[in-house]
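Here the structure comes first, spelled out in structure tokens, and everything after it is commentary.
In listed order, ligands and their atoms are each counted from 1. Given the structure is predicted, the values throughout are model-derived calculations rather than measurements.
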Amino acid sequence: MAADQQDAVAAPGASTEVVPIRTGAEYIESLRGRNLDVYLFGERIDEPVDHPIVRPSINAVAQTYDLAVRNPELATALSPLTGERVNRFLHVATSAEDLVRQNKMQRRLGQLTGTCFQRCVGMDATNALHSVTFEIDAEHGGEYHDRFKAFVVQIQRHGYVIGGAMTDVKGDRSKAPHAQEDPDLFVHIVRRTAEGVYISGAKAHQTGCINAHWLLVMPTMRLGPDDRDYAVVGAIPVDAEGITYIYGRQSCDLRSMEAGGIDAGNATYSGQEAMIVFDNVFIPNELVFMDGEFEFAAMLVERFTCYHRRSYVCKSGVGDVLIGAAATIADYNGVEKASHIRDKLVEMTHLNETIYSTGIASSYQAQKMQSGVYMNDDMIANVCKHHVTKMPYEIGRLAQDLAGGLMVTLPSQQELDHPKIGKIIRKYLKGRKEIATEDRMRILRLIENMTLGRNAVGYLTESMHGAGSPQAQRVQIARQMQTEFKKKLARTLAGIAPDSAEEISVELSEYMGRVFQAGEPDDKP
Ligand SMILES: Cc1cc2nc3c(=O)[nH]c(=O)nc-3n(C[C@H](O)[C@H](O)[C@H](O)COP(=O)(O)OP(=O)(O)OC[C@H]3O[C@@H](n4cnc5c(N)ncnc54)[C@H](O)[C@@H]3O)c2cc1C
Ligand code: SF4
């Protein structure tokens, strides 16, 4: 696959007929036989596609293809690069409406899988790199933008999955990349040749990387002149020589290896995270989109996180499932009509819709960048993500309240299936008489899965740290909060500085400029 993919990307104008991956089943087949170096439980996995712990994460990505077949309006877009309809995860946004549809697609996929479907990091990296490569070339006169567009054309033609590899392992957080004891703690260029660059280092927590076809490697933070070798962006096939994947454990993941499936809670779908280790991995020049332009690293990180922090609307779709599970267990327990139960469901919904609202508000308040791509509003994206660091925890707390203690004291499916003990369980763990005990157990296991088990990784801890820990959002909000402008508003109305009234009526810049922008989103200056 790697050689094949390299050729396809190296020859963007090639007229060879390509059959894109369209369905979930075709996608799953496309992952077979890649001979990846993947390690889990101290062993190299022969075929990740068939591993019971890996497979639910592949099923979740497969849904992104099947949704596109079932609902092309929502999950595909007409690509101006190819003139063809492509999966929306591979589309470069050409309007605010495109960004809003990304969010709606994300909510829908969260509803359908109850977990992380893994394709948003690649989508957001693609959109961020469209404008950043353009602006590097505008300053340095290079060809990164054309290379990047040629890469995206080929990815769209094949219908591949892209993983976004940004977060380095980082070592001592108080030190810059070049100042680390071990230079490999941030991914960096170790060798340059006439044909390309070689990189080494490791990326942590990489969502869906083994389920992807390509990786976009990017720097993780602002860089200085001494970090020049760390300023590298490139595209690498997942099966490139020199890459090792070390699979991340998820809470209760062994339940996916048990027969039956009830105890897994959500036996069909899960997320995936792994560490990617690069050992002298080659990137040919045509797939290098930044090499040494350290001053653009911060721009790339900020633009990527701007897109990605409102992609967390995915959590509202997952939240819909959890609210449904909490309402179902209340129903099964016969307490559905109690006023405090209803009130808790209202509170969960209020929190969930707050996440959704800020996400799509950020997308609607978009601006057109110099390269032509649209970017959502950074302030509101950070507000969205900051909500996400808190609200799913509260929704999870309320779901556990409604579930009752049985959620964590249930016996296993083997007891339920046991000829003697099973009868006892069916008698004593019954809720309302019309509801089968097994169904009551299933819904409790789902709540456990989403708040303590495999899918709590995506719904809770990923909500905390993904796209940056909470403090990263507070820094961005602080940068954009325009306190001086707000102080002027207050001083004017309080009669302290009445002469600034005229000034503040025209002084609508930065975030306030975007809030009051009339008509179509303006071109970015
Ligand atoms: C489930 C999951 C999926 C993810 N998927 C991806 C992915 O697909 N691609 C990707 O690139 N990344 C991914 N991430 C990584 C994510 O962006 C990081 O987790 C996040 O940026 C925080 O980095 P960290 O985990 O190394 O935490 P740390 O950096 O160790 O942060 C821990 C705490 O220390 C604080 N801290 C860190 N540095 C400093 C400092 N210099 N000064 C003061 N305080 C500091 C933080 O604010 C935080 O409170 C994922 C993370 C998770 C949990
Ligand atoms: S956590 Fe959400 S935004 Fe991130 S990749 Fe998974 S589904 Fe997409």
Problem - For ligand 2, the portion of Glu462 having any non-hydrogen atom under 4.0 Å away - result: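 Side chain only.
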Handout entry: Any Gly468 heavy atom less than 4.0 Å from ligand 1
Key =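 A heavy atom of Gly468 does come that close to ligand 1.
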Problem - Over-ring placement of Arg108 relative to Phe117, 6.0 Å and 45° cut-offs - result: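 Ring-cation test returns no.
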Problem - Ala467 contact mode with ligand 1 (heavy-atom cut-off under 4.0 Å) - result: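 The answer is the backbone.
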As an exercise, identify every atom of ligand 2 less than 4.0 angstrom from a heavy atom of [X].
| X | answer |
| --- | --- |
| Lys315 | 1 (S) |
| His308 | 3 (S), 4 (Fe) |
| Cys314 | 1 (S), 2 (Fe), 3 (S), 7 (S) |

Say whether, by atom type as modelled, one donor and one acceptor occur between the side chain of [X] and the main chain of [Y] under 3.5 angstrom.
| X | Y | answer |
| --- | --- | --- |
| Glu293 | Asp291 | yes |
| Lys385 | Gly468 | yes |
| Thr354 | His350 | yes |
| Asn376 | Cys306 | yes |
| Ser270 | Ser57 | yes |
| Thr113 | Thr115 | yes |

Exercise for the section: Answer with yes or no whether the side chains of Arg157 and Thr82 bring together a donor and an acceptor at under 3.5 Å. Expected result: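 No - no donor-acceptor pair under 3.5 Å links their side chains.
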Out of [options], whose heavy atom is nearest to [atom]?
| atom | options | answer |
| --- | --- | --- |
| atom 41 (N) of ligand 1 | Gln118, Arg173, Met221 | Arg173 |
| atom 4 (C) of ligand 1 | Gln206, His205, Met166, Lys203 | His205 |
| atom 31 (O) of ligand 1 | Ser469, Ala204, Ala472 | Ser469 |

From [atom], is the closest protein heavy-atom distance below 4.0 Å?
| atom | result |
| --- | --- |
| atom 45 (C) of ligand 1 | no |
| atom 36 (N) of ligand 1 | no |
| atom 9 (N) of ligand 1 | yes |
| atom 16 (C) of ligand 1 | yes |
| atom 20 (C) of ligand 1 | yes |

Exercise for the section: Give, for atom CZ of Arg55 and atom CG of Asp50, the distance between the pair rounded to the nearest 0.5 Å. Expected result: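 Arg55 CZ to Asp50 CG: 6.5 Å, rounded to 0.5 Å.
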Below 3.5 angstrom, do we get any N/O pair linking [X] and ligand 1?
| X | answer |
| --- | --- |
| Gly466 | no |
| Thr207 | yes |
| Lys170 | yes |
| Gln471 | no |

Problem - Least distance between heavy atoms, Ala212 atom then Val238 atom - result: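 Taking Ala212 first and Val238 second, the nearest heavy atoms are O-CG2, 3.2 Å.
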Handout entry: Whether Cys116 has an N, O or S atom under 2.8 Å from atom 2 (Fe) of ligand 2
Key =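 Checking atom 2 (Fe) of ligand 2 against Cys116, no N, O or S atom falls under 2.8 Å.
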Quick one: nearest non-hydrogen protein atom to [atom], plus distance?
| atom | answer |
| --- | --- |
| atom 18 (C) of ligand 1 | His465 O, 3.6 Å |
| atom 12 (N) of ligand 1 | Thr167 OG1, 2.6 Å |
| atom 8 (Fe) of ligand 2 | Cys120 SG, 2.2 Å |
| atom 1 (C) of ligand 1 | Glu462 CG, 2.9 Å |

Handout entry: Among Arg442, Arg454, Arg255, salt bridge (Lys or Arg N to Asp or Glu O under 4.0 Å) partner for Glu448
Key =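 Exactly one option meets the salt bridge (Lys or Arg N to Asp or Glu O under 4.0 Å) with Glu448, and it is Arg255.
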Exercise for the section: Report the residue from His91, Arg22, Arg85 that forms a side chain to side chain donor-acceptor pair (under 3.5 Å) with Thr76. Expected result: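 For Thr76, the side chain to side chain donor-acceptor pair (under 3.5 Å) check succeeds only for Arg85.
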Practice task
Go through ligand 1 atom by atom and flag the ones less than 4.0 Å from a non-hydrogen atom of Gly164.
Solution key: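 Those qualifying, in numeric order: 7 (C), 8 (O), 9 (N), 10 (C), 11 (O).
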Practice task
Take Asn59 and Thr268 through the side-chain hydrogen bond (donor to acceptor under 3.5 Å, both in side chains) test and state the conclusion after the steps.
Solution key: CA-CA 7 Å; Asn59 293 340; Thr268 313; 5.8 Å; no
Problem - ring-ring contact (aromatic ring centres under 6.0 Å, His included) partner of Phe289, the single match among Phe151, Tyr144, Phe134 - result: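 When ring-ring contact (aromatic ring centres under 6.0 Å, His included) is applied between Phe289 and each of Phe151, Tyr144, Phe134, only Phe151 qualifies.
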